[in-house]
**Q** 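To start, I am sharing the structure in question, which I have written as structure tokens.
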Amino acid sequence: MGIIENKDKDMEKQVRVRFAPSPTGPLHIGGVRTALYNYLFAKKHNGQFILRIEDTDQGRLVSGAEEYIIETFDWLGIKFDEGIREGGSFAPYRQSDRKSIYKDYAMQLVEKGWAYYAFDTPEELEAIRKTYELEKKNFQYDNLTRTQMRNSISLNQTQVKELLDKETPYVIRFKFPENTEIKLHDMIRKEVVMNTNILDDKVLYKSDGMPTYHLANVVDDHLMQITHVIRGEEWLPSCPLHVMLYKAFGWENTMPQFAHLPLLLKPDGNGKLSKRDGDRLGFPVFPLQWEDPKTQEISSGYRESGYLPKAVINFLALLGWNPGGEKELFKIEELIDLFSMERISKGGAKFDLEKAKWFNHQYIQMEQNQTLAKELLKVLAEKNLNFPMEYVEKVVGQIKERCNFTNDFWDQSYFFFIAPNNYDEKVVKKHWKAETPTYLEQITQLLNSNTYSTTEEIDHLLHDYIKDNDLNMGNIMNTLRLVLVGKSMGPSISEIIFVIGKEETLGRIGNAIKHINI
RNA sequence: GCCCCGUUCGUCUAGUUGGCCUAGGACGCAAGAUUUUCAUUCUUGAAAUCAGGGGUUCGAAUCCCCUACGGGGUACCA
């Protein structure tokens, strides 16, 4: 029994990692995390972070998916050093544009005896799988079965040549050696051993002239001088094949290090986080909103839901990795500085909406009012409301502490922009008394006959009025709030009065007296 | 079925060389305080016999074995 393993290599060479999504739909948030870890690792080691598009399955391409990927990282502020847009010395970075290079590599393997032609049609394979299933067995195209199939191992040279000459469709399969232990060193899981007997002869090169992921990925990683392959755990079972491929090509000495990340799981129940979970449980599974080009079905996105990119990055970074210690809020520079593969957890992590909310809340508090105001300005524009930046900034400063998302801004601040058009009945019932209009008129006079230039002055004015007339503080203040806001919410009354101005305040008081009847 | 990878409060996790762990933090939850409202904030609290069972050891969440459970893979998909 032979033993093949990937050895530890020195970390001296320039670190180059790649994020290699397949443009088959919107990028999943788990994919974003994979990209983030790649990015953090690359930057930590002053290396390069590369975007490579793996579009070898032409049948599953979804239009707009590639643009979606680019837009996602633009939004997050994560930059690629090389990629389909950035270019680079290893271009092209889209596998369909590299189509011509793969066949030679596949042929190399055939010539060296590491791979073979297989002429079995998909229908034939399906039929044989069904037969096996009837006997409750699992068909595997491997060293035991390949001699019974139609391929360049079972057929003689003349037959093969004939089939090839007739342009019979074929695939190229990897020829796994018999009963060989493949040891692979994973940076997160340490040693993983698999025997080739349970591995099947994977297709490397498809009948449509495209390579499969396995071939393309290894060839490109080699050609692009990738030093570390950081990807999801779903790739772990096929990693032995990749290791064998490096060996077969004679690239063992430059084989990258592997790191397989734990998966992101559903918050409830089990299984990995899927597209459906998001809308079912009320949180986005995608970074950006996505409209399916075929079904027009819309899936919500973090951006559209009012998450801040920095918060998403921080939250995602900690979902499966932890620097130790008790700090939880990290700037991207700190994440880069602290990041280490050894501190990535092995078990899958469940997505926690509440924690995500908390992170976003924290980031909203830390963010500049001017930046946040831009978000609110967008909403105002949609409603045809024109307010100067300085005003909106002031408003945001007042309400941001009660917002988890930028999408909460309007609901928490509308009364700074428009007068209430209805009054919460419960509040009316509780606080509006027969004598209320009288008090409100007195307050009108109070504000009219005084000048003020700070919130505190308004505070004093109101408090003194209440004290001097021996009135109930709660009642007066809540009534005033009802009049100005329409319901029981918002920042302090004096603050609202100060920001909207005397004229508007008096107008709203007058309005309420006119419209609220008991 | 077979193969691989996992398993510390409800959730994310600290715990990395076995003793400072009567297992720490955060989110969430509960109670209280602050407050003119809604929030925020603050304080306190409940919450994991470290999946279970065997070992090894003076001593194990930490090492070994078994079992259970969870996840992933098993395509001419990535």
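Every chain is numbered from 1, with letters handed out A, B, ... down the list of sequences.
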**Q** Considering only the C1' atoms, how many Å lie between B:A14 and B:A26, rounded to the nearest integer?
**A**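 Looking at atom C1' only, B:A14 and B:A26 are 11 Å apart.
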**Q** Taking the C1' atom of each, how far is B:G1 from B:C9, in whole Å?
**A**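 Per the computed distance, 36 Å lies between those C1' atoms.
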**Q** On a whole-Å scale, what distance lies between the C1' atoms belonging to B:G10 and B:G53?
**A**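 B:G10 and B:G53 have their C1' atoms separated by 26 Å.
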**Q** Provide, to the nearest angstrom, the distance between the OH atom belonging to A:Tyr132 and the C1' atom belonging to B:C2.
**A**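 Interatomic distance, OH of A:Tyr132 to C1' of B:C2: 14 Å.
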**Q** Between the protein and nucleotides 73-77 of chain B, are there any N/O to N/O pairs under 3.5 Å, and if so, what are the atom names and distances?
**A**
unit_1, atom_1, unit_2, atom_2, d
B:C76, OP2, A:Arg173, NH2, 3.2
B:C76, O2, A:Ser207, N, 2.9
B:C76, O2, A:Ser207, OG, 2.6
B:C76, N3, A:Ser207, OG, 3.0
B:C76, N4, A:Asp120, O, 2.9
B:C77, OP2, A:Lys206, NZ, 3.1
B:C77, O2', A:Asp57, OD2, 2.9
B:C77, O2', A:Arg60, NE, 3.1
B:C77, O2', A:Arg60, NH2, 3.0
B:C77, O2, A:Arg60, NH2, 3.4

**Q** Separation of A:Leu261 atom CG from B:G71 atom P, in whole Å?
**A**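 That distance rounds to 19 Å.
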**Q** I'd like the P distance from B:G45 over to B:A23, given in whole Å.
**A**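 Taking atom P in both B:A23 and B:G45, they lie 14 Å apart.
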**Q** Can you tell me how far NZ of A:Lys266 sits from CG of A:Asp277, rounded to the nearest 0.5 angstrom?
**A**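 Reported to 0.5 Å precision, the distance equals 3.5 Å.
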**Q** At under 4.0 Å between heavy atoms, which parts of nucleotides 36-52 of chain B does protein reach? Answer with one letter per nucleotide, 5' to 3': B base, S sugar-phosphate only, - none.
**A** BBBBS------------
**Q** What is the distance, rounded to the nearest whole Å, between atom CD of A:Glu54 and atom P of B:A78?
**A**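 For the pair A:Glu54 CD and B:A78 P, the rounded distance is 9 Å.
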**Q** Quick one: list whatever passes side-chain contact (heavy atoms from CB on, under 4.5 Å) with A:Pro284, sequence neighbours left out.
**A**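 In terms of side-chain contact (heavy atoms from CB on, under 4.5 Å), with neighbours along the sequence ignored, A:Pro284 is linked to A:Ser300, A:Tyr302, A:Ser305, A:Tyr307.
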**Q** In whole Å, I'd like the distance from the CZ atom of A:Arg189 to the P atom of B:C5.
**A**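 Spelled out: CZ on A:Arg189 to P on B:C5 is 9 Å.
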**Q** Classify the ring geometry of A:Tyr213 against A:Trp235: parallel below 30°, tilted from 30° to 60°, perpendicular beyond 60°.
**A**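 Parallel, since the angle between the ring planes stays under 30°.
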**Q** Pick the P atom in B:U43 and in B:U49, then give their distance to the nearest Å.
**A**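 Those two atoms are separated by 27 Å.
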**Q** Figure out the CG/C1' separation between A:Leu273 and B:G71, and round it to whole Å.
**A**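 So the two atoms are 13 Å apart, to the nearest Å.
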**Q** Strictly by side chain to side chain donor-acceptor pair (under 3.5 Å), give each pair with a member in residues 411-429 of chain A just once, sequence neighbours left out.
**A**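 Matches after skipping sequence neighbours: none remain.
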**Q** Quick one, A:Asp57 and A:Thr212 - any side-chain contact, counting heavy atoms below 4.5 Å?
**A**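 The answer is no, as the side chains (C-beta and beyond) never meet within the 4.5 Å cut-off.
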**Q** Just checking, A:Arg173 and A:Tyr141: is the charged tip under 6.0 Å from the six-membered ring centre and within 45° of the axis?
**A**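 Because its charged atom sits under 6.0 Å from the ring centre and within 45° of the axis, A:Arg173 does stack over A:Tyr141.
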**Q** Validate the cation-pi geometry between A:Arg33 and A:Tyr37: distance from NZ or CZ to the six-membered ring centre under 6.0 Å, angle to the ring axis within 45°.
**A**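 Ring-cation test returns yes.
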**Q** When you compare B:G70 with B:C64, how far apart are their P atoms, in angstrom units rounded to a whole number?
**A**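 About 24 Å, rounded to a whole number of Å.
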**Q** When you compare B:A61 with B:U22, how far apart are their P atoms, in angstrom units rounded to a whole number?
**A**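 Those two atoms are separated by 9 Å.
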**Q** Quick one: ring-ring contact (aromatic ring centres under 6.0 Å, His included) partners of A:His214, sequence neighbours excluded?
**A**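 Partners of A:His214 by the ring-ring contact (aromatic ring centres under 6.0 Å, His included) criterion, ordered by chain and then number, come out as A:His242.
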**Q** Expressed in angstrom and rounded to an integer, what is the separation of A:Ile188 atom CD1 from B:U7 atom P?
**A**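 Between P of B:U7 and CD1 of A:Ile188: 13 Å.
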**Q** Roughly how many Å apart are B:U41 and B:C4, using the C1' atom of each and rounding to a whole number?
**A**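 It comes out at 49 Å once rounded to the nearest Å.
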**Q** Base, sugar-phosphate alone, or nothing: which one does A:Val485 contact when heavy atoms must sit under 4.0 Å apart?
**A**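 Touches nothing.
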**Q** So, taking the atom named CG in A:Asp200 and the one named CG in A:Leu241, what distance separates them when rounded to the nearest 0.5 Å?
**A**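 So the gap between those two atoms works out to 8.5 Å.
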**Q** Base, backbone or nothing for each nucleotide of nucleotides 10-22 of chain B, written B, S, -, heavy atoms under 4.0 angstrom, 5' to 3'?
**A** -BSSSSB------
**Q** Rounded to whole angstrom units, what separation is found between the CD1 atom of A:Ile198 and the P atom of B:G1?
**A**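 My rounded result for the distance is 16 Å.
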